[in-house]
Amino acid sequence: MPDNGKKFSSYVLSKKGRDYIRSSKDSKYLFSFQKTFDLSEIPDLQFVDGKKANPGKFKGRIDDFLLDTWLEDNENIKNVFNNIKNYKSFAENQLGIKVYRNGFAVFPYGFEKSLDWMKLGADKTHGKSFYSMRPGNVIGYFLIDEGINKNLKDKTDRQGFISNPYSDNFTQLAYFIRDNINSYLNDVRRDYNSFLKDFKTKSSSIKTQSDAIKTGKNIAIEAKENKEEGERALDNLGKSKKEISRIQKEHSSTSLLSTPETSKIAKSLESVLKDIEEAEKSLKKSNSIISKAERIKDVINILEPKIEILEEQLGNFSELASLGLTAEAVSHEFATIADRLSERSLFYSKKLKNNKLTDSDIFVLVEYINSTVNGLRIQLKHLDPSLKYNKEKREVIDLRLYFEDEEEYYESRFAKNNIKVSVNIEENFSIKMNRGKLTQIIDNLINNSEYWLKEKQKENNSFLGNITVTVSKPWVSIKDNGDGVSKSIENQLFEPFATMKPKTKGRGLGLYITQQLLDSSGCSIVLEPKRNNNDKKFIFTLHLNNVIE
């Protein structure tokens, strides 16, 4: 951009919830990106003696680059490599993210068949992202040390690390770094697209397709008018040139009537003739361009119906793309909901065997199944807008009684995992809401706590997880005694696909769906600013004032 990206930089840095940092004035970067994680926050790591196997401190660098045509004019490249072809050849020979131990390469990482050991091409293969790092555009390294990373041992053939929890965690940390960089690149690309859209809209009078077509047709009309003026100007120039040429010959030094003064005039006229000829050439070129501009109207008349068809096709494509994302999200939710239904069924089956099943229990189970099915239908309406759905059944729910039933269910479910759910009623109240919707909301929050408490128990087998629900009109708060919400994600927590869980365990939709369910009833959810002993936020609070009975 003409301003070297300053406007874009200001646009990005003004956005809330982004982990961007303004770079110093002497930096060649517009802004940087920084995130800090505790080892305890990173999922899917293996354990040794009850603790996450720490491969030891290491550092690295990854450069993502494009061999664009603008490099051809770079003086540094010309001075070192003579031409862009030599530079490209040199860059391609450096491809790969390599591992070095005390300055010596650890094979095969970043070399030959293991050039893409970090699986940079996986997202492209699976169609997950257009803006991730690619194996053919990345040069980088990780530096390890013989003493500090002593548990990263070479195989006997020196072709990779011996497989153990430490080497597996090193690889997993590399994947974690990759995923965060890719997420950052996608954020920047989305921000850039938004910036271009806003910038072009503000700086141009052309805001719609109709504006563009109208402008093009007006240019064609103006071109026709200018062409006529240009032709008249050429005709006048031609006449002027003939007259000046005649006068110049009469006063030339070869004329019998020539004097020193007339010879001087003749030379001046000769210069004027040259200027007229140059103007004539330029005007002919301009008229040629104007003639082409005059044809814009014909081009627009041909393109206009095609553009309309393309717009319609693009709209259909967008709908299909959105449909694919929704289908992927819904399919993941189906599996989660099926697990919850199975757990509920098992709970009530045990009560039935022990002759403890009451009519109230049957009502709760049937209502849960009905509301869950209706919840699936609500998600499915994005896949098929023609489907018809039953209006939600709302009922008066006493929260003390509701949580007494839920507490019994969770006590049975979590008993084997050393997790306890306790309910604290500070000020009871009733709400008018669909029971199934409320249960989905509470389930999402408690299941989220359950996942991270189980992760903490992997480090400490004797750790007792505790989830506390507090009812205090008009609020319902849920917290646990886990590590708390990672600072790196607390600002994006309710955005879709924001999660610290590995892709195989979650898609970052639970809290987003919870927020949507609450919003549909005029309610809301917040992550309280209060922090725990780990200096992390940990309390989720529902504001139910709009549904109080």
Side-chain angles (χ1 to χ4, degrees), residues 17-21 32-60 62 118 142 149 151 165-187 417-419 444-467 478-512 514 526-540:
R18 288 282 192 260
D19 299 290
Y20 298 150
I21 301 168
S32 60
F33 167 74
Q34 179 175 308
K35 276 193 175 184
T36 302
F37 301 93
D38 293 328
L39 198 65
S40 61
E41 297 175 338
I42 302 175
D44 271 10
L45 296 182
Q46 296 193 34
F47 291 78
V48 173
D49 297 328
K51 294 183 179 181
K52 288 186 176 179
N54 191 339
K57 184 178 178 180
F58 62 90
K59 64 180 181 179
I62 301 174
M118 284 181 62
F142 286 111
N149 311 103
N151 291 310
Y166 300 98
S167 62
D168 290 347
N169 283 359
F170 174 79
T171 303
Q172 194 63 36
L173 287 171
Y175 292 164
F176 186 78
I177 292 168
R178 171 204 66 196
D179 292 341
N180 274 274
I181 292 174
N182 283 341
S183 176
Y184 165 66
L185 291 175
N186 277 281
D187 282 345
N417 296 321
N418 288 329
I419 297 175
N444 280 341
L445 293 170
I446 290 182
N447 289 336
N448 199 50
S449 287
E450 178 196 14
Y451 175 86
W452 292 109
L453 290 174
K454 285 182 177 179
E455 284 293 305
K456 191 171 180 66
Q457 287 174 342
K458 291 178 181 178
E459 295 185 46
N460 182 1
N461 293 330
S462 61
F463 173 74
L464 299 176
N466 186 31
I467 302 171
I478 297 177
K479 65 180 181 180
D480 61 61
N481 62 336
D483 292 327
V485 176
S486 171
K487 291 182 180 180
S488 64
I489 202 174
E490 63 182 27
N491 292 328
Q492 296 96 33
L493 201 58
F494 297 105
E495 294 180 10
F497 308 113
T499 183
M500 286 289 292
K501 295 178 183 177
K503 293 179 181 178
T504 55
K505 302 291 179 63
R507 294 303 308 274
L509 292 169
L511 291 175
Y512 173 72
T514 297
V526 295
L527 178 62
E528 295 284 353
K530 184 178 179 181
R531 297 183 181 272
N532 59 16
N533 294 333
N534 298 319
D535 194 32
K536 295 176 183 176
K537 297 179 181 180
F538 68 111
I539 303 173
F540 291 92

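No hydrogens, no waters, no symmetry mates; every other heavy atom, side chains included, goes into these values. Each residue takes its place number in the sequence, starting with 1.
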Partner residues of K51 under the side-chain hydrogen bond (donor to acceptor under 3.5 Å, both in side chains) criterion, sequence neighbours left out: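 In terms of side-chain hydrogen bond (donor to acceptor under 3.5 Å, both in side chains), with neighbours along the sequence ignored, K51 is linked to no residue.
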Stepwise salt bridge (charged side-chain N to carboxylate O under 4.0 Å, His left out) check, K458 with E455: CA-CA 5 Å; K458 291 178 181 178; E455 284 293 305; 2.9 Å; yes
Please report the interatomic distance [atom1]([X]) to [atom2]([Y]), rounded to the nearest 0.5 Å.
X	Y	atom1	atom2	value
F538	R531	CZ	CZ	11.0 Å
N417	Q457	CG	CD	6.5 Å
L493	L527	CG	CG	6.0 Å
N491	K537	CG	NZ	6.5 Å
T171	Y175	OG1	OH	6.0 Å
R178	Q172	CZ	CD	8.5 Å

If I compare all heavy atoms of [X] with all of [Y], which pair ends up nearest, and what's the gap?
X	Y	result
V485	K536	O-CB, 3.4 Å
K456	D483	NZ-OD1, 2.8 Å
L39	K52	O-NZ, 3.3 Å

With F58 via ring-ring contact (aromatic ring centres under 6.0 Å, His included) - residues at least two apart: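 Counting only residues at least two positions away or on another chain, F58 forms a ring-ring contact (aromatic ring centres under 6.0 Å, His included) with F142, F170.
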All ring-ring contact (aromatic ring centres under 6.0 Å, His included) counterparts of F37, not counting sequence neighbours: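 F37 satisfies ring-ring contact (aromatic ring centres under 6.0 Å, His included) with F176 only.
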Exceeds 12 heavy-atom contacts within 6.0 angstrom, atom CG of N460: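 Correct, the count exceeds 12.
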Donor-acceptor contact present, side-chain N149 to main-chain K57, <3.5 Å: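 Checked: pair present.
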Sidechain-backbone polar pair: N169 side chain, P55 backbone, donor-acceptor under 3.5 Å: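 A pair under 3.5 Å: no.
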V526 side chain reached by I539 side chain, heavy atoms, under 4.5 Å: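 No, their side chains stay 4.5 Å or more apart.
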Heavy-atom side-chain contact between K487 and T36 under 4.5 Å: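 When only atoms from C-beta onward are counted, T36 and K487 do not touch, as no gap falls below 4.5 Å.
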Residue pair L453, F463: steps toward the side chain to side chain contact (heavy atoms under 4.5 Å, CB included) verdict: CA-CA 9 Å; L453 290 174; F463 173 74; 3.8 Å; yes
Residue pair Q46 / D168, side-chain donor-acceptor N/O under 3.5 Å: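 Per modelled atom types, Q46 and D168 side chains form a pair under 3.5 Å.
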